[in-house]
Trainee: 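To start, I am sharing the structure in question, which I have written as C-alpha cells.
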Amino acid sequence: MSVAFYPGCSLHGTGNDYAQSAHAVCQRLGLDLTELEGWTCCGSTPAHNTSALLSVALSAQNLRLASDQQRDSLVVACAACFNRLRSARHEMAHDEVLRGRVEHVLEAPAPLDVRVDHLLELLLDTYGLDALAARVRRPLTGLKVACYYGCLLVRPPEVMAFDDAEHPTSMDRVLAACGAETVDWPGKTECCGANLSLSRSDIVVSLVDRLLDQAKRAGADVVAVACPLCQANLDVRQTDVTAQTGHRYDLPAVYFTQLVGLALGAGADELGLDKSFVDSRPTLAGWLS
Amino acid sequence: MPTASDIASEAALAFRARIEHLSGQTVSSCYQCGKCTAGCPVASEMDTDPARVMRLVQLGARERVLRDEAIWLCASCETCVSRCPQACRLPRVMDALRAVAEQDGYARDNRGAALLNRLFLAQIRAFGRVHEMSLVAGFNLASRRPLRDVTKGPSMMRKGKLHLLPQRSANLPAVRRIFERVQELEGSET
Ligand code: SF4
Ligand code: SF4
C-alpha cells in the first residue's frame with residue numbers, strides 16, 4: 001500500500017512538534033510518511049461554516065492530488081484535517097448530487113479511489129500492536145496517561161467510523177503497547193472549545209479547566225492528544241486557566257506520537273518536547289536518555 | 001388579497017425551506033426533546049440554546065435566528081449529532097444558518113467567529129494554505145483587540161512554532177479556481 005502524508009497547515013506551524021514526532025516514530029518503524037506534494041488547506045471549520053460545497057471541494061482537491069500521485073491512502077495526523085478529509089470522501093460517496101457538484105467544481109471525477117486514514121489507524125491496523133510492542137526500547141512503565149480524543153476523531157460516528165465514538169480506545173491501546181498505564185477518565189471525548197480559542201477564549205478556558213481537573217483527578221501524569229488545536233488549548237491556555245479560575249494544574253499536554261517516540265528510543269529534541277508551554281520533560285525525565 | 005400574516009408565514013416557510021435545503025436536514029422532525037442542549041458544551045453561554053435554535057428555524061423566525069449569537073458560538077463539536085433521537089445533524093443546520101447570515105449581511109459586524117472565518121478563507125485564497133501568525137495578528141487587529149494573547153507570540157516564536165513568512169502551495173491556482181467555480185455555481189442558484 002502506498003501512502004502520502006497530509007500534514008495540514010498547523011503541522012507546518014504551531015503543531016510542528018506533532019509533525020516532528022510523527023516522522024520520528026514512522027522512521028523508527030520503517031513506515032513511509034512522505035508528504036503529499038503540493039497539498040493545500042482542507043478548509044477546516046471556516047469552509048464548512050461558509051459553504052458545504054466549498055468545504056468538500058477543498059478537501060477533495062487533496063484526495064485528487066493523492067490519486068494523481070498514485071497513492072492508495074492519505075494518512076493524516078491532525079484530527080481536524082482528518083475529519084474534513086474523511087467526511088468529504090464519505091459525502092461524495094453517499095450523495096450523488098453533491099458528488100456531481102464537486103466534480104463540476106474540480107473539473108475532474110471525484111477521487112474516491114483514495115482512502116483517508118488517521119495515523120493511529122496506521123499504527124493499529126497496518127503496523128499492528130504486537131509489532132509496535134516488539135520495537136519498544138524504553139517501556140513507559142509507571143507513566144499514567146489520560147488519552148484525550150476530543151471531538152473530531154470520532155464524531156459524527158456514522159461518518160468517521162473511527163473506533164467507538166463514546167469510549168474510544170485506539171490511543172489507549174497504542175500507548176499501552178508502549179508500556180504506559182492509561183487512566184480511565186470521563187473527559188476522553190469532551191470538547192475543548194476548538195477554534196473558539198481566538199474569538200471566545202473565556203469559553204475555552206472553562207472547558208479546559210474542567211478537562212484538566214478530570215485528568216488530574218484520574219491520576220494522570222500527562223494528557224495525550226492527537227490534534228494541534230486540542231494541544232494548544234490544553235497547553236497554552238493553562239496560564240489563562242490559572243488567571244481566570246485560580247486553578248493551577250501544571251499538567252503537560254503531549255502528542256501521543258511524542259510518547260510513542262520516547263518509548264521507541266527517540267530523544268527530547270527529536271520529538272520536539274522543548275516546544276510546549278507546560279514543560280513535559282521533568283515528568284518524562286525517567287524515560288529520557 | 002393576502003393579509004400581512006399570510007405574507008409573513010410565506011416568508012417563514014421559505015426561510016425554513018432554504019435552511020432545510022442547504023443543510024440537507026428535515027428540521028421539522030425535531031420534537032424538542034432537548035438532548036442536543038443537554039450535551040452541548042457551550043449551551044450555557046448561548047442566549048438561545050441549540051434546541052431553541054431548531055425551534056426558531058421550524059417557526060421560520062429568520063431575523064431572530066440570523067441575528068442570534070448562538071450560531072457563532074457553536075463549536076461544531078458534533079456532540080449533539082450522536083445524541084439526537086431524530087438523527088438530525090444539527091451542526092449542519094448551524095452551518096446553513098451561518099452561511100445564510102453571511103450571505104444576507106447579518107454577519108457583517110461580527111467580530112468573533114464570522115470574522116475569523118472570513119480571514120481564514122482569505123488566507124487559503126492568498127496562499128493555498130493558512131499562515132497562522134498573520135491570521136492571528138489580522139484577527140486581533142480587525143476585532144480591535146490588538147494585544148490579545150500578546151505574551152504568547154514571542155515564546156511561540158522562540159519555540160520555532162511561528163514562521164514569519166507564509167508558505168505558498170504549488171497548487172494555489174487550483175485552489176483559486178475552486179473558490180471561483182463554487183461562487184459561480186452557488187451564485188447561479190440563488
Ligand atoms: S436532540 Fe434532536 S430532536 Fe431533540 S431537540 Fe435536539 S434536534 Fe430536536
Ligand atoms: S455541534 Fe454546536 S450545537 Fe452541537 S453540541 Fe457542539 S457546540 Fe453544541
Side-chain angles (χ1 to χ4, degrees), chain A residues 9-10 12-17 37-41 43-55 57-58 61 65 83 95 101 104-107 150-152 154-158 165-166 189-196 198-203 207 236 239-240 272 274-277, chain B residues 22-24 41-42 45 72-73 75-79 81-82 89 91-92 94-96 98-99 102 111-118 120-121 123-124 128-133 136 139-140 143 148-149 152 155-156 159-163 167 169-172 174-175 177-179 181-182 185-186:
Chain A
C9 306
S10 287
H12 273 218
T14 51
N16 58 5
D17 33 356
E37 262 173 62
W39 61 271
T40 51
C41 177
S44 192
T45 303
H48 74 72
N49 277 186
T50 306
S51 152
L53 176 59
L54 178 67
S55 165
L58 286 173
Q61 162 67 16
L65 284 179
N83 185 287
D95 182 341
R101 289 161 65 82
H104 171 84
V105 167
L106 293 183
E107 301 163 277
C151 308
L152 297 175
V154 293
R155 286 191 292 266
E158 320 71 67
E166 299 279 346
T189 61
E190 299 286 320
C191 179
C192 70
N195 60 354
L196 290 177
L198 280 180
S199 53
R200 285 292 301 270
S201 56
D202 58 316
I203 297 181
L207 294 172
V236 182
T239 47
D240 304 312
D274 53 324
K275 293 189 174 174
S276 28
F277 276 60
Chain B
L22 271 178
S23 66
V42 292
E45 303 285 337
W72 301 106
L73 288 180
S76 306
C77 75
E78 304 270 349
T79 305
V81 181
S82 41
R89 295 184 62 179
R92 294 203 157 191
M94 292 288 195
D95 274 344
R98 287 182 282 240
E102 186 63 60
R111 300 196 183 283
L115 171 66
L116 184 65
N117 287 349
R118 283 194 292 271
F120 193 101
L121 294 179
Q123 292 244 339
I124 304 179
R129 295 179 186 171
V130 170
H131 180 234
E132 290 165 312
M133 190 163 81
V136 172
F139 179 74
N140 287 350
S143 57
R148 174 169 28 206
D149 293 334
K152 305 209 158 75
S155 41
M156 287 224 171
K159 291 170 194 293
K161 287 193 152 211
L162 288 179
H163 305 285
Q167 297 177 349
S169 168
N171 285 305
L172 175 60
V175 167
R177 183 130 180 97
I178 288 174
F179 274 90
R181 289 183 67 85
V182 166
L185 187 64
E186 290 183 340

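Chain identifiers are assigned alphabetically (A, B, ...) following the order of the sequence lines, protein sequences preceding nucleic acid strands; residue numbering begins at 1 within each chain. Remember, it's a predicted structure, so these values are computed and weren't measured experimentally.
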Trainee: For B:Arg92, which atoms come within 4.5 Å of any heavy atom of chain A: side chain, backbone, both, or neither?
Mentor: side chain

Trainee: Using non-hydrogen atoms only, which part of B:Val42 is less than 4.5 Å away from chain A: side chain, backbone, both, or neither?
Mentor: side chain

Trainee: How many angstroms lie between atom CZ of B:Arg111 and atom CH2 of B:Trp72, to the nearest 0.5 angstrom?
Mentor: 14.0 Å

Trainee: Using non-hydrogen atoms and a 4.5 Å limit, figure out which bit of A:Leu207 sits close to chain B: side chain, backbone, both or neither.
Mentor: side chain

Trainee: By a 4.5 Å heavy-atom criterion (distance strictly below it), what part of B:Ile124 contacts chain A: side chain, backbone, both, or neither?
Mentor: side chain

Trainee: By a 4.5 Å heavy-atom criterion (distance strictly below it), what part of A:Glu190 contacts chain B: side chain, backbone, both, or neither?
Mentor: neither

Trainee: Check the side chains of A:Thr40 and A:Gln61 for a donor-acceptor pair under 3.5 angstrom, ignoring hydrogens and angles.
Mentor: no

Trainee: In terms of heavy-atom proximity below 4.5 Å to chain B, should A:Pro157 be classed as side chain, backbone, both, or neither?
Mentor: side chain

Trainee: Are B:Arg98 and B:Asp95 close enough for a salt bridge, meaning some N to O gap below 4.0 Å?
Mentor: yes

Trainee: Are the side chains of B:Leu121 and A:Leu54 in touch, meaning some heavy atoms are under 4.5 Å apart?
Mentor: yes

Trainee: Determine the minimum heavy-atom distance between A:Leu58 and A:Gly43, stating which atoms define it.
Mentor: CD1-CA, 3.8 Å

Trainee: Picking from B:Ala114, B:Gly128, B:Ser23, B:Pro91, which has the most non-hydrogen pairs under 4.5 angstrom with chain A?
Mentor: B:Gly128

Trainee: Quick check for you: among A:Leu53, A:Thr189, A:Val105, which has the greatest number of heavy-atom pairs under 4.5 Å with chain B?
Mentor: A:Val105

Trainee: To check you understand the geometry: which heavy-atom pair defines the closest contact between A:Cys41 and B:Val130, and what is its length?
Mentor: SG-CG2, 4.1 Å

Trainee: With chain A, which of B:Ser169, B:Ala170, B:Ala174 has the greatest number of heavy-atom pairs at distances under 4.5 Å?
Mentor: B:Ser169

Trainee: Between A:Asn83 and chain B, with a heavy-atom cut-off of 4.5 Å, which part of the residue counts as in contact: side chain, backbone, both or neither?
Mentor: neither

Trainee: Does any heavy atom of chain B fall under 4.5 Å from the side chain of A:Leu196, the backbone, both, or neither of them?
Mentor: side chain

Trainee: Any donor-acceptor pair under 3.5 Å linking the side chain of B:Ser82 with the backbone of B:Thr79?
Mentor: yes

Trainee: Considering only heavy atoms, which portion of A:Ala165 lies under 4.5 Å from any heavy atom of chain B: side chain, backbone, both, or neither?
Mentor: neither

Trainee: Nearest heavy-atom pair of B:Phe139 and B:Gly112: which atoms, and what distance?
Mentor: CE1-O, 3.4 Å

Trainee: Within the side chain of B:Glu45, is there an N or O that forms a donor-acceptor pair under 3.5 Å with the backbone of B:Leu73?
Mentor: no

Trainee: Would you say A:Asn16 and A:Lys275 make side-chain contact, with heavy atoms under 4.5 Å?
Mentor: yes

Trainee: What part of B:Arg118 is in contact with chain A, defined as an atom under 4.5 angstrom from a non-hydrogen atom: side chain, backbone, both or neither?
Mentor: neither

Trainee: Under 4.5 Å from any heavy atom of chain A, what part of B:Gln123 do you find: side chain, backbone, both or neither?
Mentor: neither

Trainee: Can you tell which part of B:Leu115 gets under 4.5 Å to a heavy atom of chain A, answering side chain, backbone, both or neither?
Mentor: neither

Trainee: Can you name the closest pair of heavy atoms from A:Ala194 and B:Ala75 and give their distance?
Mentor: CB-O, 4.4 Å

Trainee: Find the one option among A:Thr45, A:Asn195, A:Leu65, A:Leu152 whose heavy-atom pairs under 4.5 Å with chain B are most numerous.
Mentor: A:Leu65

Trainee: Using heavy-atom distances under 4.5 Å, tell me whether A:Thr239 contacts chain B through its side chain, its backbone, both, or neither.
Mentor: side chain

Trainee: For the CG atom of A:Asn49 and the OG atom of A:Ser51, what is their distance to the nearest 0.5 Å?
Mentor: 11.0 Å

Trainee: So for A:Asp95, is it side chain, backbone, both, or neither that comes closer than 4.5 Å to the heavy atoms of chain B?
Mentor: neither

Trainee: Of the listed residues (A:Gly193, A:Pro156, A:Ala47, A:Gly272), which shares the most heavy-atom pairs with chain B below a 4.5 Å separation?
Mentor: A:Pro156

Trainee: What part of B:Ser143 gets within 4.5 angstrom of chain A, counting heavy atoms only: side chain, backbone, both, or neither?
Mentor: neither

